[in-house]
Amino acid sequence: MSQLIVLGSVNADHVLQVPSFPRPGETLHGNNYQVIPGGKGANQAVAAARLGADIGFIACVGDDSFGQNIRQTFAQDGMDISAVHMVTNTPTGIAMIQVSDSGENSICIAAAANNGLTTEIVEQHGEKIEQAKYLLMQLETPLAGIELAASIAKAQGTQVVLNPAPARSLPDTLLAMVDIITPNETEAEVLSGVAVTDAASAAKAAQALHDKGIATVMITLGSKGVYLSEQGTGKIIPGFKVQATDTTAAGDTFNGAFVTALLEGQTMDDAIVFAHGAAAISVTRFGAQTSIPSRDEVEHFIA
Ligand code: ATP
């Protein structure tokens, strides 16, 4: 049984580099078109596996060639893929991603096979969740499955880490089962009603999430790092300064790396620095899973 269970999405990322994002009705020429493995769940799972975590992945892929090949790629990255299901007559989830010359991205996704991650599938893997130390989830798969997984984890003391992305409002019943939440600024605002613009507003947003029963709130602030709030005390832990090429999967790399470090018994602060290092390397590279660094690279970078 794996120490970390990641439950989440798998997508084929169709990536195009663009000079700027097209306005409605505008056509622009892009270049460097690539199809790259992505999906928030898969990115976080691959990050954790590549950085040395003992991880099992609960996910659904389509029965297209991408879905068939990606299971083997996950296995090569060292994760347990026995709970990666193949949904028949359905394509793997897709993301259409534009990356601008400034390194920002604009993304449109279609869930497809990810919608197959139902409560029935989650139930089949209840024991894996119960026996893990951490359960890491995002919001690109059906909410009912996420809620069930959280309740199975909560009942057995498995720590629930929720990266509430993409941004959406969530029931208080789910938030009350979360131990650590890792929203970015937009997601923090959607969940708390407080616009996050600086440390003071991050503290307010974090307090609103503590009030919903979440012990640890970590708001990621892009190149500025994270705002960490625990038991009423909060602080910014800055990230590393790098030249960003493509921030796709920065948050995913951060989350996978962060939980990997926690699993190893690192302190919250050290786990964040480790995750900052992994995410900083990832933004200097193109693509989602293609940008996730190895353990050696991260250790060398943060040394
Ligand atoms: P994405 O959706 O692009 O994957 P996100 O919005 O979920 O990312 P961010 O808050 O942008 O998450 O970034 C997460 C972490 O990635 C940051 O806390 C930081 O460690 C790292 N990071 C992001 N952007 C940069 C950057 N330009 N330079 C260095 N580190 C970065």
Side-chain angles (χ1 to χ4, degrees), residues 8-9 11 13 15 21 36-47 51 95-109 136-140 161-168 180-191 195-199 201-202 205-206 216-229 234-261 268-293 297-298 301-302:
S9 59
N11 287 334
D13 288 354
V15 189
F21 299 123
I36 298 176
K40 287 184 182 298
N43 296 343
Q44 295 183 16
V46 167
L51 295 169
M96 309 300 291
I97 303 179
Q98 296 169 353
V99 181
S100 73
D101 287 347
S102 64
E104 283 180 311
N105 58 46
S106 158
I107 306 177
C108 200
I109 59 178
L136 172 61
M137 301 189 287
Q138 326 71 35
L139 301 174
E140 284 184 343
V161 183
L162 182 66
N163 173 228
R168 56 163 291 173
I180 303 175
I181 196 161
T182 62
N184 67 11
E185 290 150 300
T186 311
E187 292 141 14
E189 178 175 353
V190 169
L191 293 175
V196 176
T197 53
D198 54 15
S201 53
T216 302
V217 178
M218 211 164 66
I219 303 174
T220 62
L221 309 168
S223 60
K224 297 192 292 293
V226 302
Y227 183 85
L228 169 67
S229 178
K235 61 184 172 188
I236 287 182
I237 301 182
F240 291 93
K241 285 206 187 330
V242 290
Q243 184 66 46
T245 311
D246 173 12
T247 61
T248 307
D252 296 334
T253 305
F254 181 92
N255 277 278
F258 169 67
V259 178
T260 299
M268 195 63 77
D269 287 31
D270 287 350
I272 289 171
V273 171
F274 180 76
H276 275 330
I281 296 172
S282 82
V283 305
T284 65
R285 299 175 179 168
F286 193 70
Q289 283 153 48
T290 45
S291 73
I292 298 170
E297 287 174 311
V298 178
F301 182 83
I302 64 175

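Starting from 1, each residue takes its place in the sequence as its number. Remember, it's 1-based here, ligands and their atoms both numbered in the order they're listed.
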Checking side-chain polar atoms at under 3.5 Å, does D246 have a donor or acceptor matched by the opposite partner on T248?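 Indeed, the side chains of D246 and T248 share at least one donor-acceptor pair under 3.5 Å.
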Any donor-acceptor N/O pair, [X] side chain to [Y] backbone, under 3.5 Å:
X	Y	value
T245	T284	yes
E140	K40	yes
N184	T186	yes

Are the side chains of E187 and V190 in touch, meaning some heavy atoms are under 4.5 Å apart?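 No; the side chains remain at least 4.5 Å from each other.
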Whether F240 and H276 hold their rings parallel, tilted or perpendicular, with breakpoints at 30° and 60°: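 Rings of F240 and H276: perpendicular, as their planes differ by over 60°.
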Which heavy atom of the protein is the closest neighbour of [atom], given with residue, atom name and distance?
atom	result
atom 7 (O) of ligand 1	G251 CA, 3.6 Å
atom 28 (N) of ligand 1	V242 CG2, 3.6 Å
atom 29 (C) of ligand 1	F240 O, 3.2 Å
atom 18 (O) of ligand 1	G225 O, 3.0 Å
atom 12 (O) of ligand 1	T220 OG1, 3.5 Å
atom 20 (O) of ligand 1	H276 ND1, 2.7 Å

Heavy atoms only, cut-off 4.0 Å: how does [X] contact ligand 1, side chain, backbone, both, or neither?
X	value
A165	neither
N184	side chain
L221	backbone

Suppose I only count heavy atoms of [X] and a 4.0 Å limit; which atoms of ligand 1 are within that range?
X	result
A249	4 (O)
T247	1 (P), 3 (O), 4 (O)
V226	18 (O)

Report the member of [options] with the shortest heavy-atom distance to [atom].
atom	options	value
atom 2 (O) of ligand 1	E187, K241, K40, E104	K40
atom 26 (C) of ligand 1	S223, P183, S282	S223
atom 17 (C) of ligand 1	G222, A250, A279, G239	G222

Ignoring hydrogens, what is the shortest heavy-atom contact between G234 and Y227? Give both atom names and the distance.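 Closest pair (atom of G234, atom of Y227, distance): CA-OH, 3.3 Å.
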Work out which heavy atom in A288 is nearest to a heavy atom in I36; give both atom names and the distance.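 So the minimum-distance heavy-atom pair works out to N-CG2, 3.8 Å.
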Got more than 12 heavy atoms from elsewhere within 6.0 Å of CD, E104?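 Incorrect, the count does not exceed 12.
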N255: which of T260, N43, T182 passes side chain to side chain donor-acceptor pair (under 3.5 Å):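 Result: among T260, N43, T182, T182 is the only option passing the side chain to side chain donor-acceptor pair (under 3.5 Å) with N255.
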Below 3.5 angstrom, do we get any N/O pair linking T248 and ligand 1?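 No: no nitrogen or oxygen of T248 is under 3.5 Å from one in ligand 1.
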